[in-house]
Amino acid sequence: MLINFSSSCTCPPFSSSSSSYILGRLSNSKPPYLEFPLRSRTHLFKSLSPSVSYSSSPSSKTKFLYSAATRVDIRSWALPGFDLGSVESVLEAAGVLTAIIVVHESGHFLAASLQGIHVSKFAVGFGPILAKFNANNVEYSIRAFPLGGFVGFPDNDPNSDIPDDDENLLKNRPILDRVIVISAGVVANIIFAYGIIFTQVLSVGLPVQEAFSGVLVPEVRAFSAASRDGLLPGDVILAINGIELPKTGPGVVSQVVEIIKHNPKRNVLLKVERGKEDFEIGVTPDENLDGTGKIGVQLSPNVKITKMRPNDIFEAFNYAGKEFWGLSYNVVDSLRQTFMNFSQSAGKVSGPVAIIAVGAEVARSTVDGLYEFAALLNLNLAVINLLPLPALDGGSLALILLEAARGGRKLPLELEQLIMSSGIMFVILLGLFLIVRDTLNLEFIKDLL
């Protein structure tokens, strides 16, 4: 599934439908591809409202964004550093990612099987096989590289005993049948995303946030500058160096982070609200290796989250529909912005390690965040896979549409294989690069280094 998170169906030439992912983020603007709310978040009637969770030790820059215009920004976390947190939260995030891959590939698999098209493989991951079993002439496997998954077809398999002219080989089916198989993965992810949102509406309700002035300090690291100078978890920063902070907005956290970053070893005056008291605290940021300041806190917009629950099943469908379309708009708009600012956003694309790190942090915050994380990941995967690029579902669809435009004449098999194989190789190399880069950005790896 590449994510940006994308998933792909590499169908005919490779006789496989594959999915891969590479997650993208922007920095601190509107939504890049995905937006994963990280701690508090708001949806529904405020679908584009900011939501939160900036990681912040200013040293770690502000991040999180992703996608939605005003919700959480998963965007910037790639560069600064990731914190995997507890094993349980990592497993939850990895489980979400695996489920999304399985759903995507199951879409391809079921669309083919229900039409009587021969399927030979169903794999989660790429590369060497770690575990497998066979059932009904299909090999099911888990593979070494967690870069997506694929459904394999015996069309051009030299070891297959199926005649080359068998009408139930995918390559011999009418164009419409093949289009259905290739697009089924995207459809499956869209349905799954809606199902996740609907489940959230019924089970825990949709979070709606009310904004207040200032920036919340949810966490203060031990032995940090903030801890040393008296800042406590739960404090609200109302002003910094005499600059009053407004009600939460896209730039309120960034404003605090930037001032701290630009004042290493210089006193920064914070007006703080603690309980019912307001007072001032002077904090002297420590200096990072790159010369920027850091105080060792996590910052987030100062919002109060309430839950909106439906009164009946019809209202549940209404809430879920609004949230679904709001998230879908965020994902599409994020992708548009990413391509419009590609030179700036290319370096902020992330792979499975970063995605799991983000998911782990989301899982540690609230169950609401995990629901939205899963829904956004599904929608991101669906949208990215529709792009007409080799190794993605959209690339395979483009080849089929070209075949239709040529009056049913296919491109030479060698040319199709060259196009798709080059795309798959690029995805694998990019995925491996991102895994290495994002692994080096993990907090505990950085501490070791």
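Every heavy atom of this structure was used, including side-chain atoms; hydrogens, water molecules and symmetry mates were not.
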Can we say [X] and [Y] salt-bridge, meaning some charged N sits less than 4.0 Å from an Asp/Glu carboxylate O?
X	Y	result
Lys294	Asp286	no
Lys265	Glu287	yes
Glu258	Lys261	yes

Residues in side-chain hydrogen bond (donor to acceptor under 3.5 Å, both in side chains) contact with [X], at least two apart in sequence or another chain:
X	answer
Lys307	Asp368
Thr98	none
Asn311	Glu315

Arg309 meets the salt bridge (Lys or Arg N to Asp or Glu O under 4.0 Å) criterion, sequence neighbours left out, with none
Restricting to salt bridge (Lys or Arg N to Asp or Glu O under 4.0 Å), what partner residues turn up for Arg266, sequence neighbours left out?
none
With a 3.5 Å distance limit and no angle check, can you tell me whether [X] reaches the backbone of [Y] through a side-chain donor-acceptor pair?
X	Y	result
Thr292	Asn288	no
His104	Asn189	no
Asn241	Leu269	yes
Ser227	Ser224	no
Asn263	Ile259	yes
His108	Val151	no

Given Tyr371, which of Thr199, Ile197, Val96 fulfils the side chain to side chain contact (heavy atoms under 4.5 Å, CB included) condition?
Thr199
Minimum side-chain heavy-atom gap [X]-[Y] below 4.5 Å:
X	Y	answer
Asn378	Ile190	no
Asp278	Val272	no
Phe223	Arg228	no
Val119	Ser113	yes
Asn302	Leu238	no
Leu386	Val186	yes
Val236	Val215	no
Glu105	Leu110	no

side-chain contact (heavy atoms from CB on, under 4.5 Å) assessment of Ile100 paired with Leu381:
CA-CA 9 Å; Ile100 291 171; Leu381 184 76; 3.6 Å; yes
What residues form a side chain to side chain contact (heavy atoms under 4.5 Å, CB included) with [X], not counting sequence neighbours?
X	result
Leu389	Leu387, Leu392
Phe133	Ala135, Tyr140
Ser141	Ala123, Ile129, Lys132, Glu139, Arg143
Ala94	Ile356

Locate the shortest heavy-atom distance separating Ile180 from Ala111; write the atom from each residue and the value.
O-CB, 4.0 Å
Please report the shortest heavy-atom distance between Ile237 and Leu245, naming the atom on each side.
O-CD1, 3.3 Å
Run the side-chain contact (heavy atoms from CB on, under 4.5 Å) test on Val179 and Leu401 for me, step by step, so that the C-alpha distance in whole Å, both residues' side-chain angles and the decisive distance to 0.1 Å come before the verdict.
CA-CA 9 Å; Val179 167; Leu401 293 177; 5.5 Å; no
Evaluate side-chain contact (heavy atoms from CB on, under 4.5 Å) for Val181 paired with Phe153, printing each intermediate quantity in order.
CA-CA 11 Å; Val181 172; Phe153 301 92; 3.9 Å; yes
Of all pairs that satisfy ring-ring contact (aromatic ring centres under 6.0 Å, His included), the ones with a partner from residues 259-315, not counting sequence neighbours
none
Thr284/Val268 under side-chain contact (heavy atoms from CB on, under 4.5 Å): CA gap, chis, key distance, verdict
CA-CA 6 Å; Thr284 303; Val268 174; over 6 Å; no
Please verify the inter-ring angle class for Tyr194 with Phe198; under 30° counts as parallel, over 60° as perpendicular, anything in between as tilted.
parallel
